[in-house]
There are 2 protein chains.
Amino acid sequence: MQDMTGKNSANGGLRERKKRATRAALAEAAVRLAAEHGADNVTVEAISAAAGVSVRTFFNYFDSRDDAFVVIDADASVRVRQALLEAPADLTPLDALREALAAELTEAERQHELWSLHAEVLRNSPHLLVRSLGAHMADEAGLAETIARRISGTAADRADVPPDEGGPGERGRALDLYPRLLAAVAGAAVRVSVQHWCDRQDELAFADVFREVFALLAAGLPAPER
Amino acid sequence: MQDMTGKNSANGGLRERKKRATRAALAEAAVRLAAEHGADNVTVEAISAAAGVSVRTFFNYFDSRDDAFVVIDADASVRVRQALLEAPADLTPLDALREALAAELTEAERQHELWSLHAEVLRNSPHLLVRSLGAHMADEAGLAETIARRISGTAADRADVPPDEGGPGERGRALDLYPRLLAAVAGAAVRVSVQHWCDRQDELAFADVFREVFALLAAGLPAPER
DNA sequence: ATGAAAAAATGCAGGCTCTGCAAAATTGGC
DNA sequence: GCCAATTTTGCAGAGCCTGCATTTTTTCAT
């Protein structure tokens, strides 16, 4: 190793890694317990115990108990935005976004078991489903800004995606209509694709559903034939 | 009066009216208090006191404190769906939905003051914004079914919209991809329109923004010119 | 390595949220 | 006015969540 300081070179030091691990452990414990006993019957105490930390520490990682059931992969949106900026310049915004999302979704299928459990938990408690839907859309602002950057397309803008500074605090950017609309519609597309695919899991491949949805969008949502 | 029973003919008796009034009073009190003191600093006790009922009664009307800030007009979605079924048969699904939503939105501007307060509350607490976004999308399932009915378009289907039976309990219908996608995209369109209009309230008329958004959708979200 | 500084985990006190249950008040129909 | 149905209310208790002080762990310079 060429790192004499003891600080890890890979991803930011042992501190960061431990935090990620703790957070992941809490989220996974929450989902597994909820899948087994029902989300309402899972206390913060139980989640914390399963993850091996104190109750107080749980609240250092999540703002509320429900967040542990809802927030799956906090880094997913960052990866999508990065992929969007790095996509070939000759793709239309809609196509570039489709490819970026497709890559992320096939990536997500690697942890298929946890996703299934997660879906089951949300199915069984509408309360959490609503929160989850809302959480997904909270990313939209950031995605819209990235779309705007891709469209404007200057070289300087190709720099790294800034770490998510959270919340609607920063205004003044991404006020354009088109990027926002595209971000919102893409979110809707993902959601509908997953939903439709879940209902007919045996019949269809997810990739096909996903492509059909984006084809409908690109065609301007024409009335279906009968 | 030609009603000798004492039971009110208009909308279902005094009991119903009182419940509506109580619910509205609670919701309005919640929004006004939140606008003044910040949503986090408003207790259920304060809301209940302002509405003149007990704390326990508050929880007979809302499942959680936050719901009082989030649920605005529970009947709006029913009106939209009714309008959608009654729209001229020669409109495309996208156009019919646009008109139905436009009617509802101009209707909503009548209570403009409360809506402004409501928007301010959500702006100041992202936590509630997330919940609100999620709540709006919970209607999507119902809207998708109505769209499916309009498309299939038999005479029998033109009957009244059944009272919202709540939740994902009834499956088996509206499994088609297109209605779901249209419902989801329309929801996104409304959201983006409102958002964009709020940012540039002085410059633009809402109706214009709304039309532009649907024009973009109908055109297949082409890359904007530069 | 060692000690000081920074960051994170923990325990605890206390207020608020939410639910189940039973009693009291209100409404509708006779 | 009186009975039945519905709604409101108080109360107890469990659980959620926060602020603060303390302890433990990690980082960094010496």
Side-chain angles (χ1 to χ4, degrees), chain A residues 1 3-26 29-30 33-34 37-71 125-128 130-131, chain B residues 1 3-26 29-30 33-34 37-71 125-128 130-131:
Chain A
M1 315 273 186
D3 190 342
M4 299 194 291
T5 68
K7 176 203 228 166
N8 281 292
S9 50
N11 51 11
L14 175 133
R15 210 163 212 155
E16 294 266 336
R17 245 180 303 154
K18 260 194 134 177
K19 280 181 72 173
R20 284 176 196 274
T22 302
R23 187 184 184 87
L26 283 169
L33 287 172
H37 304 112
D40 294 335
N41 302 320
V42 177
T43 66
V44 173
E45 191 177 355
I47 299 171
S48 307
V53 297
S54 72
V55 172
R56 190 62 185 79
T57 296
F58 174 95
F59 286 107
N60 287 341
Y61 283 89
F62 297 96
D63 284 342
S64 75
R65 186 192 65 143
D66 289 351
D67 279 357
F69 301 125
V70 164
V71 178
S125 38
H127 168 246
L128 292 178
V130 168
R131 283 189 75 118
Chain B
M1 320 263 189
D3 190 342
M4 301 192 290
T5 68
K7 177 202 224 167
N8 281 292
S9 49
N11 50 12
L14 176 133
R15 216 160 208 159
E16 292 265 337
R17 245 179 302 155
K18 259 194 137 180
K19 281 181 73 172
R20 283 175 196 273
T22 302
R23 189 185 181 85
L26 283 169
L33 287 172
H37 303 112
D40 294 335
N41 302 321
V42 177
T43 66
V44 173
E45 190 177 357
I47 298 171
S48 308
V53 298
S54 72
V55 172
R56 190 63 184 80
T57 296
F58 174 95
F59 286 107
N60 286 341
Y61 284 90
F62 297 95
D63 285 340
S64 74
R65 185 194 66 143
D66 290 351
D67 279 357
F69 302 125
V70 165
V71 179
S125 37
H127 169 247
L128 292 178
V130 169
R131 283 189 76 118

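Only heavy atoms go into these numbers, but all of them, side chains included; no hydrogens, no water, no symmetry mates. Naming: A, B, ... by sequence-line order, numbering from 1 per chain.
With rounding to whole Å, Phe59(A) atom CZ is found 5 Å from dC17(D) atom C1'. The interatomic distance linking Ile47(B) (CD1) with dT17(C) (C1') rounds to 11 Å, in whole Å. Look at CG on Asp40(A): it is 9 Å from P on dT19(C), rounded to the nearest Å. When rounded to the nearest whole Å, the span between CZ of Arg56(A) and P of dA13(C) equals 15 Å. One can place CZ of Arg17(A) at 18 Å from P of dT25(D), the figure rounded to the nearest angstrom. For Asp66(B) and dT17(C), the CG to P distance is 10 Å, given to the nearest whole Å. If you take CD of Glu45(A) and C1' of dG11(C), they are 13 Å apart, rounded to a whole angstrom. With rounding to whole Å, Arg65(A) atom CZ is found 11 Å from dC18(C) atom P.
Where Val42(A) and Lys19(B) each meet DNA chain D at their nearest nucleotide, the meeting point lying more 5' is that of Lys19(B).
Listed nucleotides: dG11(C), dA8(C), dC16(C). Nearest to the side chain of Arg15(A): dA8(C).
With rounding to the nearest 0.5 angstrom, the CG atom of Asp67(A) is 10.0 Å from the CZ atom of Phe59(A). Between the CD1 atom of Ile47(B) and the CG atom of Leu26(B) there is a distance of 8.0 Å, given to the nearest 0.5 Å. We find the CG-NE2 distance between Asp40(B) and His127(B) to be 8.0 Å, quoted to the nearest 0.5 Å.
Residues Phe58(A) and Ser48(A) come closest through the heavy atom pair CB-OG, 3.5 Å.
Arg131(A) places no side-chain N or O within donor-acceptor distance of the main-chain N or O of Phe69(A), the cut-off being under 3.5 Å.
In this structure, Thr57(A) does not reach the dA9(C) phosphate: none of its side-chain N or O atoms is under 4.0 Å from OP1 or OP2. Taking only side-chain nitrogens and oxygens, Tyr61(B) comes nearer than 4.0 Å to OP1 or OP2 of dT8(D). Here Lys18(A) reaches the OP1 or OP2 of dT26(D): one of its side-chain N or O atoms lies under 4.0 Å away.
Contacts of Val55(A) with the nucleic acid, taken as non-hydrogen atoms under 4.0 Å apart, are absent.
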